[in-house]
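Worksheet for the structure shown next.
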Amino acid sequence: MSKLTQLLCLADLSQEQVTHLLDLALEIKRDPDRFSTALKGRSIALLFEKPSLRTRVSFDVGIHKLGGHSVYLDQQNGALGVRESVEDFGSNLACWTDAIVARVYSQKTLVQLAQSSKKPVINALSDLYHPCQALADLLTLKEQYDDLSKVHLAFVGDGNNVCHSLMLGAAILGMTLTVVTPQGFGPDAHVLLKAQALAEQSGAKLTLSQHVSAAAGADAIYTDTWLSMGGRADPALIEKLFAPYQINTAVMQRLAVKHFMHCLPAHRGQEVTSEVLDSDCSLVLQQAENRMHAQNAVLVSLFS
């Protein structure tokens, strides 16, 4: 298995690498003390262009649990690429830190950071991908079902960065994934082509639909906010278009789906009702906890 050098997109990883990360995350979760010095002497930059709760705290606490030190950088000292170029920012960070975790608006920024810093860069969210979230989601499903190749996951809502990374992860691992979106809000065409190519290699089954009924019989149904952070769409128009895609108790029962998933933050009463979000079928807090364990597996792999 080739060594993990960075994480910009799940499509850059092999099935063996993704499987290893999930297995390692389970080990770290079960026996954290065994990994308490994995990042001893390491400093990790946390570069955030976007607000965050789960990503920031899970990385900060996770790095501490691994014996490392994190440095949080937001935009108070000037927007990235405005006060100084992304390349200069990355090359300077490389003088002091061992890796960069970046939550950014554009995937291009991550590529520039990786090229200029020549240090490992971890994508903590971009406009195209959210690989750390997808790894946590796959970990959560693995804890429920063990053999992910036999799992049917349905994603309902906007074909956004979370959807993209779930598509790639499912395609790599040979899962069944049904993506249900309103017309005009499907996943990016280039990402879809990547996922389809990976699915051909693994035997995964990817289905796209505009009808919620296509999710019938899935093991878990996943949704996300209808309005992505920084999006410019008219909220009233979006709410009208997406209203038929809300996940509520009636939908869960009609589709006979066992589990509900959401990456959070959730907008109660829009993409999901509180009744479902807070129910026994909801895996959202397990997903949130698993962000730290999945990310710690990435960090341990980078420096092992």
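Count residues from 1 along the sequence. Note that the structure is a prediction, hence the values are computed from the model and not measured.
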Salt bridge between Arg268 and Asp278, side-chain N to carboxylate O under 4.0 Å? yes

query: Any donor and acceptor pair, going by atom type alone, linking the side chain of Glu271 with main-chain N or O of His267 inside 3.5 Å?
result: yes

In short, ring-ring contact (aromatic ring centres under 6.0 Å, His included) pairs touching residues 51-100 with sequence neighbours left out are Phe48-Tyr72

(message) Around atom CD of Glu87, are there more than 12 heavy atoms from other residues, nucleotides or ligands closer than 6.0 Å?
(response) yes

Any heavy-atom pair between the side chains of Ile122 and Leu302 that's under 4.5 Å? yes

#### Entry: Atom CZ of Arg83 with >12 non-hydrogen neighbours under 6.0 angstrom
no

| request: Could you check Gln295 against Ser58 for side-chain hydrogen bond (donor to acceptor under 3.5 Å, both in side chains), going step by step and ending with a plain yes or no? | output: CA-CA 8 Å; Gln295 290 159 187; Ser58 60; 3.0 Å; yes

Taking only Lys NZ, Arg NE, NH1 and NH2, and the carboxylate oxygens of Asp or Glu, determine whether Lys258 and Asp219 approach each other closer than 4.0 Å.
-> no

Residue set satisfying ring pair (Phe, Tyr, Trp, His ring centres under 6.0 Å) with Phe303, at least two apart, ordered chain then number -> none

Notebook entry, point to check: Could you go step by step and tell me if Leu141 and Asp137 meet the side chain to side chain contact (heavy atoms under 4.5 Å, CB included) rule?
Noted result: CA-CA 6 Å; Leu141 288 169; Asp137 299 332; 5.6 Å; no

Do the side chains of Lys194 and Leu168 get nearer than 4.5 Å, heavy atoms only? yes

Heavy-atom distance under 4.5 Å between the side chains of His152 and Lys205, does that happen here? no

A side-chain contact here means heavy atoms from C-beta on lying under 4.5 Å apart; do Lys119 and Leu93 qualify?
no

Just do the side chain to side chain contact (heavy atoms under 4.5 Å, CB included) check on Leu113 and Val86 with the steps written out, would you? CA-CA 6 Å; Leu113 285 170; Val86 174; 3.9 Å; yes

Between Leu110 and Leu7, is there a shared hydrophobic cluster once you connect ILVMFWY residues whose side-chain heavy atoms come closer than 4.5 Å? no

NZ (Lys3) with more than 12 external heavy atoms under 6.0 Å
yes

Discussion item. Checking side-chain polar atoms at under 3.5 Å, does Asp127 have a donor or acceptor matched by the opposite partner on Asn161?
Written reply: no

So, do Gln210 and Pro182 sit near enough that their side-chain heavy atoms are less than 4.5 Å apart? no

Worksheet item: Parallel, tilted or perpendicular: which describes the rings of Trp226 and Phe242, with under 30° parallel and over 60° perpendicular?
Response: tilted

Applying the 4.5 Å side-chain criterion to the ILVMFWY set and letting contacts propagate, would Met175 and Met261 be lumped into a single cluster? yes

Just by distance, no angles: are the side chains of Arg291 and Thr55 close enough, under 3.5 Å, to form a donor-acceptor pair?
yes

Nearest heavy-atom approach of Thr181 to Gly159 is CG2-N, 3.8 Å

Taking Lys142 first and then Asp23, would you say they form a salt bridge - that is, a charged N and a carboxylate O separated by under 4.0 Å? yes

**Prompt:** Taking atom types as modelled, is there a side-chain donor on Ser43 or Asp98 under 3.5 Å from an acceptor on the other?
**Reply:** no

Please determine whether side chain to side chain contact (heavy atoms under 4.5 Å, CB included) holds for the pair Val104 and Leu125, giving the CA-CA distance in whole Å, both sets of side-chain angles, and the decisive distance to 0.1 Å.
CA-CA 6 Å; Val104 296; Leu125 179 141; over 6 Å; no

Note: Ala134 and Ser165 closest approach over all heavy atoms is CB-CB, 3.6 Å

Original post:
Under 4.5 Å between any side-chain heavy atoms of Leu21 and Val18, yes or no?
Top reply: no

If you apply the rule side-chain hydrogen bond (donor to acceptor under 3.5 Å, both in side chains), what do you find for Glu16 with His20, and how did you get there? CA-CA 6 Å; Glu16 188 179 16; His20 170 73; over 6 Å; no

Non-hydrogen side-chain atoms of Lys29 and Glu143 separated by less than 4.5 Å: yes

Practice problem: Taking the side chain as every heavy atom from C-beta outward, state whether Ile100 and Ser117 have any pair of such atoms under 4.5 Å apart. | Solution: yes

